[in-house]
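Everything quoted here is computed from the prediction, not taken from an experiment.
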Amino acid sequence: MASKNSLRLLAGRASLDDVMEELCRDRPVFHSEADLQHSFAKVLWELAPDVRSRLEVPQRGSDRTEYLDLQCLGPESRTAIEFKYFTRGWTGEAGSPVEDFILKAHGATDLARLHFVRDIARLERFCRRPDQNGLALMVTNEVSLWALPGPGRRRTRDHDFRIHHGRELAGTLLWAEGAYEANMCSLRGEYPLKWEPYSDQGGPGGEFRYLAVFVDSSGQRQGQSSVGDGASPVGHDAPQFVSNAPNLTPVPPMPQ
């Protein structure tokens, strides 16, 4: 079993490292984000039977209701989890038992970054209890999300939202250098990013990695919000975001 860093514990019972190690044995690839959520909750229960998992839990504020992907309830603590499963096209067989997979190419990597950062901001709001932490988890086979941009690459409008390995997210992140205020995001914490291997199925698009960002409730400043801090409703009423397009016309949220 992996050594248990207290911050990386889920509901105070199972380490994320153990969950991901066990998960990738039978489920090295997922059909969808919902498939990832269900499979993750199943493995967590197998490793920590006294942890109860709840999907799509409403988080009610004074003027809005948002939905948390997964709430993990332990005897003495809890963990709020937001998932992202972003894929490039890949077709193959994987898993135990073996299954056929046809993964579609989501394409808009700028939106993947924006949505992931907004998940962190949402978790900073959700984790108000001293006995609760949060986890933003992304699994992907899209190399450009974890790879450092090449030298000489032009500055894109999602520059502040880049989540490549070794980056640190903190403070106010501007979209298109502030040209589109609705996509601005403010983070209260500081989050160094470390991508870790998940599975390798071989061939183009066959390498999967995951990024885990834990949010601690200790730095929570309750009752405050900023423009673009991710306070808009999510789920079926998710807001529209701007992509790396030639104009500022909103595009739909990242497909599942």
Side-chain angles (χ1 to χ4, degrees), residues 16-43 69-70 81-120 135-167 169 191-213 238 241-246 251-256:
L16 175 66
D17 304 299
D18 291 342
V19 172
M20 298 305 287
E21 181 180 347
E22 186 67 25
L23 184 61
C24 74
R25 289 177 183 171
D26 293 335
R27 299 304 316 275
V29 183
F30 304 96
H31 295 286
S32 64
E33 187 173 297
D35 185 23
L36 167 60
Q37 294 173 5
H38 176 80
S39 301
F40 186 97
K42 178 177 179 293
V43 169
D69 285 343
L70 186 69
I81 304 179
E82 289 287 333
F83 294 89
K84 286 292 177 286
Y85 185 55
F86 185 90
T87 59
R88 59 172 289 185
W90 182 81
T91 300
E93 296 181 341
S96 178
V98 175
E99 298 181 60
D100 294 321
F101 289 87
I102 303 176
L103 302 184
K104 59 185 177 181
H106 286 143
T109 54
D110 54 344
L111 295 184
R113 298 181 183 102
L114 176 62
H115 281 262
F116 185 76
V117 173
R118 281 183 174 267
D119 278 351
I120 298 173
L135 168 63
L137 180 66
M138 174 182 281
V139 177
T140 184
N141 63 337
E142 177 53 69
V143 178
S144 64
L145 290 176
W146 68 68
L148 186 70
R153 179 184 173 88
R154 70 178 181 85
R155 185 184 180 95
T156 58
R157 63 187 59 194
D158 66 330
H159 177 83
D160 283 3
F161 291 79
R162 287 202 165 269
I163 55 174
H164 52 266
H165 184 79
R167 174 93 197 280
L169 294 173
Y191 305 100
L193 305 181
K194 179 184 177 183
W195 284 87
E196 301 183 60
Y198 182 68
S199 74
D200 193 344
Q201 307 307 306
E207 181 183 6
F208 290 78
R209 297 190 186 186
Y210 73 92
L211 175 61
V213 173
F241 302 128
V242 173
S243 178
N244 281 337
V251 299
M254 188 180 74
Q256 302 298 316

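Heavy-atom minimum distance, Val29 versus Ala94: CG2-CB, 3.9 Å. Nearest heavy-atom pair across Ala136 and Asp119 is CB-CB, 4.4 Å. Minimum heavy-atom separation, Cys24 to Glu21: SG-O, 3.3 Å. Heavy atoms only, all atoms of each residue included: Thr109 and Ser144 are closest at CG2-OG, 3.6 Å. Closest approach of Ile120 and Leu169 over heavy atoms only: CD1-CD1, 3.9 Å.
Counting heavy atoms from C-beta outward, Arg167 and Ile163 have side chains that stay 4.5 Å or more apart. Glu196 places a side-chain heavy atom less than 4.5 Å from the side chain of Asp17. Two residues are said to be in side-chain contact when any heavy atoms from C-beta on lie closer than 4.5 Å; Val43 and Asp26 fail this criterion. Residues Asp35 and Tyr85 form no side-chain contact, since every pair of their non-hydrogen atoms from C-beta on lies 4.5 Å or further apart. Looking at heavy atoms from C-beta onward, Asp110 lies out of side-chain contact with Thr156 at the 4.5 angstrom threshold.
Atoms OG1 and CG, from Thr87 and Leu103 in turn, are 5.0 Å apart once rounded to the nearest 0.5 Å. Between Trp195 atom CH2 and His165 atom NE2 the span is 11.0 Å, to the nearest 0.5 Å. How far CZ of Phe30 is from OG of Ser199: 8.0 Å, rounded to the nearest 0.5 Å. Rounded to the nearest 0.5 angstrom, Arg155 CZ and Arg162 CZ are separated by 10.5 Å. Atom OG1 of Thr140 is separated from atom CD of Glu207 by 10.5 Å, given to the nearest 0.5 angstrom. With values rounded to the nearest 0.5 angstrom, Glu82 atom CD is found 8.5 Å from Gln37 atom CD.
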Please test Asp69 against Ile81 for side chain to side chain contact (heavy atoms under 4.5 Å, CB included), starting from the C-alpha separation and ending with a verdict.
-> CA-CA 6 Å; Asp69 285 343; Ile81 304 179; 5.8 Å; no

Decide yes or no on side chain to side chain contact (heavy atoms under 4.5 Å, CB included) for Phe83 and Leu70, but give the supporting numbers first.
-> CA-CA 8 Å; Phe83 294 89; Leu70 186 69; 3.7 Å; yes

Do Phe40 and Leu23 pass the side chain to side chain contact (heavy atoms under 4.5 Å, CB included) test, and can you show the C-alpha distance, the side-chain angles, and the key distance before you say yes or no?
-> CA-CA 7 Å; Phe40 186 97; Leu23 184 61; 4.2 Å; yes

Please step through side chain to side chain contact (heavy atoms under 4.5 Å, CB included) for the pair Val213 and Phe116, ending with a clear verdict.
-> CA-CA 10 Å; Val213 173; Phe116 185 76; 4.0 Å; yes

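Here the rule is side-chain contact (heavy atoms from CB on, under 4.5 Å) with Leu145, and of His164, Arg88, Arg209, Met138 only Met138 fits it.
Between Phe208 and Trp90, the angle of the ring planes goes over 60°, which puts this pair in the perpendicular group of the 30/60° scheme. Using cut-offs of 30° and 60° on the angle between ring planes, the pair Tyr198 and Tyr210 is perpendicular.
Remark: the His31 side chain and the Glu99 side chain contain an N/O donor-acceptor pair separated by less than 3.5 Å.
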